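First up is the structure itself, then whatever we jot down about it.
Letters A, B, ... are given to chains in the order of the sequence lines, protein chains preceding strands, and every chain is numbered from 1. Keep in mind it's a predicted model, so treat the numbers as computed, not measured.
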Protein chains: 2
Amino acid sequence: MKHPTILDVAHEAGVSKSLVSLVIRGSDRVSASSRRTVLEAADKLGYRPNAAARTMVRQRSYVIGVLVSNLHNPFFADVIDGIDMTATDAGYRSILTTGNRVAERERLAVGTLLEMRVDGLILVSPAFHKDFAIEVSRSVPTVVIGKATRAASVDSVTNDDRRGAAIVVDHLVELGHSRIAHIDGGAGAGSQPRRTGYKRSMRSHGLETEIRSVPGGFTEEGGSTGMQNLLAKGPPPTAVFVANDLAAIGVLKVLRSEGLSVPGDISLVGYDNTAMAASHRLGLTTVDQPRHDMGRTATGLIVSRIDQESTPASHVVLSPKLVVRESTAPPYSLTYPSQRSRQ
Amino acid sequence: MKHPTILDVAHEAGVSKSLVSLVIRGSDRVSASSRRTVLEAADKLGYRPNAAARTMVRQRSYVIGVLVSNLHNPFFADVIDGIDMTATDAGYRSILTTGNRVAERERLAVGTLLEMRVDGLILVSPAFHKDFAIEVSRSVPTVVIGKATRAASVDSVTNDDRRGAAIVVDHLVELGHSRIAHIDGGAGAGSQPRRTGYKRSMRSHGLETEIRSVPGGFTEEGGSTGMQNLLAKGPPPTAVFVANDLAAIGVLKVLRSEGLSVPGDISLVGYDNTAMAASHRLGLTTVDQPRHDMGRTATGLIVSRIDQESTPASHVVLSPKLVVRESTAPPYSLTYPSQRSRQ
DNA sequence: CCGGTGGGTTGGAACGTTCCAACCATCAAG
DNA sequence: CTTGATGGTTGGAACGTTCCAACCCACCGG
């Protein structure tokens, strides 16, 4: 249970601690013979280097700390995977902590990471105020994923939600839709840019008169009530763009219970490309955020900032892409032009 | 960017490093006045203790390392949450690493944790061979979650899958079912105990002649093909117990396309109580594993093992519980006794 | 045979803490 | 006035590494 040290190995191998250190670090200026003896001794004793001691003297831990706001959201798994791979490639290891969406616990978790003297910090959609991120960035290179930051000291990697919304509208317009409605994500993060992206894009297609955005939410229920409101007054849209996949499922339920078919009567688009969207009975057309890339670029930023400290912060915005499945099709009026009169 | 040390603080406050150390650790044998000066100085300089140095001298890191096999599975989020809370309560902090289901990467991740000299190690459904866990347990207290281990040196916390299957059968029998079939999880972990649990329980209810278990898998497709096989020959069952929720969804699709209603014609039960089971259009009756508790008890085991090393390993088996939703009901033959003759 | 060169090896210092024994006042008791 | 106790404070050693300057010993060329 007691860990052997470099000195134990040295003694066992009959050499100096320095030589053992050299061998462990893989230096090429040790003779083949002594390398072998040392390695054998280390192996025999079950030696494992002590990262704490190494961190002390090298003043570098070669560890990148990652704070994940919410492990329940499988969205982050891919981001983390991207981080992990890039970090390993760059000679770093990554460790995770989580605060479970509670700002106070997240701050604590970051504290742990800082005390461990991580060389860089990646904050994945943190719940705490961004001032805290800025404060932290003064003692260690920091990058935020998923939350826009304009700070000069902290890098950020975000997804272009406006553009994501725009490509949805493009897709629907291309199919021939014009009565395209939007059910937004309420107060949730990313809700606002998606809404404005929708509006802008509608305008740019000359469809400003068709703009119809109703409040919703990032939950199934939010989607349902949003859809009910849409159906309650005015002519029903031929396509609905919902703020996320979960809410889109809610919309789907309402449509089903109203006897409306998707995409026969109404085309439906979600957002996030969750597993649900793919595995649901009806494959949902949705927007895929480049999760893996987010992790990769964030790590890239951190690593280069570790080496050359004071470059101005970069704010990378990645573009999402559309995943077309079965929930979108040309509008009814086009497939059976005789049956309806509206353009 | 350069971290101030305890000496910097001491100098700033005009006291000795020892006193600063005392204050930082919250000792009660320092005068109120010097406590204040020290705290002010620390605050002014933005001092943060160096965990590496502390670990060195104390020979304890007060960190519990957690290896998670797969972050994509939201199942683990709750387990980790349980770990996290218990660890904090016991004065430890927890950090996570992941190997993303790849045995080699997982082993590497554990290596990182060991070099960091974590005081305890929690392995959540590791993909690597259990011999590795045993080897690791020689240098640090180790507990495995989710994978049964009989080793004397490593604790384990598992879920009683046999019992989970049994309570499903109990529930169905109580509703009046007797033709209860099972679609298993193929080669997946937990598949076998669920199957034997099903068989045993059937026998104990005197239904050995009704035992019907077909191969399936933990995927939607596995469920579908399993169900197709069940329908292909012999009288259809009145209830089906599927190895997990995802496969149950697959079963549901087949039933729908065959024009069979759930629970009208056939009752359906899943396993795992995933979000999917709750949010699906049809609320699925399923078995809930006490995820939170798994994390909690695992951490409890680790913590007590850290303090008093060489107690024999405990192997805790937790009991799952049934979550009844809309997918189960009394069999058709009972609700309309006139229409069918078979008991 | 001497000086230089260079591969291989070595001991000591340093990293930032905690722990411990020792110290210093101050004050109470004898 | 001395002794002892007590509350508060202190310096040095230790933890396990890496880094650096120094060393040793062949070996080579002059």
Side-chain angles (χ1 to χ4, degrees), chain A residues 1-39 41-42 45-63 91 112 114-119 139-140, chain B residues 1-39 41-42 45-63 91 112 114-119 139-140:
Chain A
M1 221 64 169
K2 192 56 197 349
H3 298 276
T5 79
I6 210 176
L7 281 151
D8 299 324
V9 177
H11 184 252
E12 173 76 27
V15 297
S16 76
K17 63 174 179 26
S18 306
L19 187 53
V20 176
S21 174
L22 253 2
V23 170
I24 297 297
R25 282 175 289 150
S27 160
D28 57 350
R29 44 189 44 184
V30 312
S31 69
S33 72
S34 37
R35 159 165 295 120
R36 238 202 25 248
T37 7
V38 169
L39 251 23
L45 300 183
Y47 170 76
R48 239 184 239 276
N50 182 325
R54 182 187 308 162
T55 301
M56 282 253 69
V57 47
R58 299 192 64 176
Q59 299 286 80
R60 277 273 191 102
S61 60
Y62 290 92
V63 169
T112 305
L114 290 180
E115 296 191 1
M116 289 185 156
R117 294 294 188 266
V118 294
D119 292 341
S139 64
V140 66
Chain B
M1 221 64 172
K2 192 57 199 351
H3 299 276
T5 80
I6 209 176
L7 282 151
D8 298 325
V9 177
H11 185 252
E12 174 76 26
V15 297
S16 76
K17 62 174 179 30
S18 305
L19 186 53
V20 176
S21 174
L22 253 1
V23 171
I24 297 297
R25 282 175 291 151
S27 161
D28 58 350
R29 44 188 46 185
V30 310
S31 70
S33 71
S34 37
R35 159 166 296 121
R36 238 203 24 247
T37 11
V38 168
L39 251 23
L45 299 183
Y47 170 77
R48 240 185 239 274
N50 182 324
R54 182 187 309 162
T55 301
M56 282 253 70
V57 47
R58 300 193 64 177
Q59 300 287 78
R60 276 275 191 103
S61 60
Y62 290 91
V63 170
T112 305
L114 290 180
E115 296 191 2
M116 289 183 157
R117 293 295 188 266
V118 294
D119 292 341
S139 64
V140 67

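Taking atom OH of Tyr62(B) as the reference point, atom P of dC15(D) lies 18 Å away to the nearest angstrom.
Evaluation of the salt bridge (Lys or Arg N to Asp or Glu O under 4.0 Å) test over residues 45-54 of chain A, restricted to residues two or more places apart or in two chains, returns none. The stretch residues 4-24 of chain A participates, sequence neighbours left out, in these salt bridge (Lys or Arg N to Asp or Glu O under 4.0 Å) pairs: Glu12(A)-Lys44(A).
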What does the list of N/O pairs under 3.5 Å between the protein and nucleotides 23-26 of chain D look like, with a distance for each?
none

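Under the side chain to side chain contact (heavy atoms under 4.5 Å, CB included) criterion, Thr37(B) pairs with Ser34(B), not counting sequence neighbours. Scored by the side-chain hydrogen bond (donor to acceptor under 3.5 Å, both in side chains) test, Thr112(A) finds Arg93(B) as partners (sequence neighbours excluded). Every side-chain hydrogen bond (donor to acceptor under 3.5 Å, both in side chains) that Arg25(A) has, sequence neighbours left out, goes to Ser21(A). Remark: Ser18(A) pairs with no residue by the side-chain hydrogen bond (donor to acceptor under 3.5 Å, both in side chains) rule, at least two apart or across chains. Judged as a ring-ring contact (aromatic ring centres under 6.0 Å, His included), and not counting sequence neighbours, Tyr47(B) has no contacts. Contacts of Ser61(B) classified as side-chain hydrogen bond (donor to acceptor under 3.5 Å, both in side chains), with partners at least two apart in sequence or in another chain: Asp119(B).
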For this session: Classify every nucleotide of nucleotides 16-21 of chain D by which part a protein heavy atom approaches to under 4.0 Å, writing B for the base, S for the sugar-phosphate alone and - for neither, in 5'-to-3' order.
Result: BBBB--

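Separating the CE atom in Met56(B) from the CE atom in Met56(A) is a distance of 8.5 Å, to the nearest 0.5 Å. Atom CG of Asn50(B) sits about 10.5 Å away from atom CD1 of Ile6(B), to the nearest 0.5 Å. A distance of 8.5 Å separates CZ in Arg29(A) from CG in Leu22(A), rounded to the nearest 0.5 Å. Rounded to the nearest 0.5 Å, atoms CE (Met116(B)) and OG1 (Thr55(A)) are 7.5 Å apart.
For the helix from dC1(C)-dG30(D) to dG30(C)-dC1(D), the end axes, each set by the C1' atoms of five terminal pairs, are bent relative to each other by 60° (nearest 10°).
A heavy atom lying under 4.0 Å from DNA chain D marks the following residues of residues 26-39 of chain B, by number: Arg29(B), Val30(B), Ser31(B), Ser34(B).
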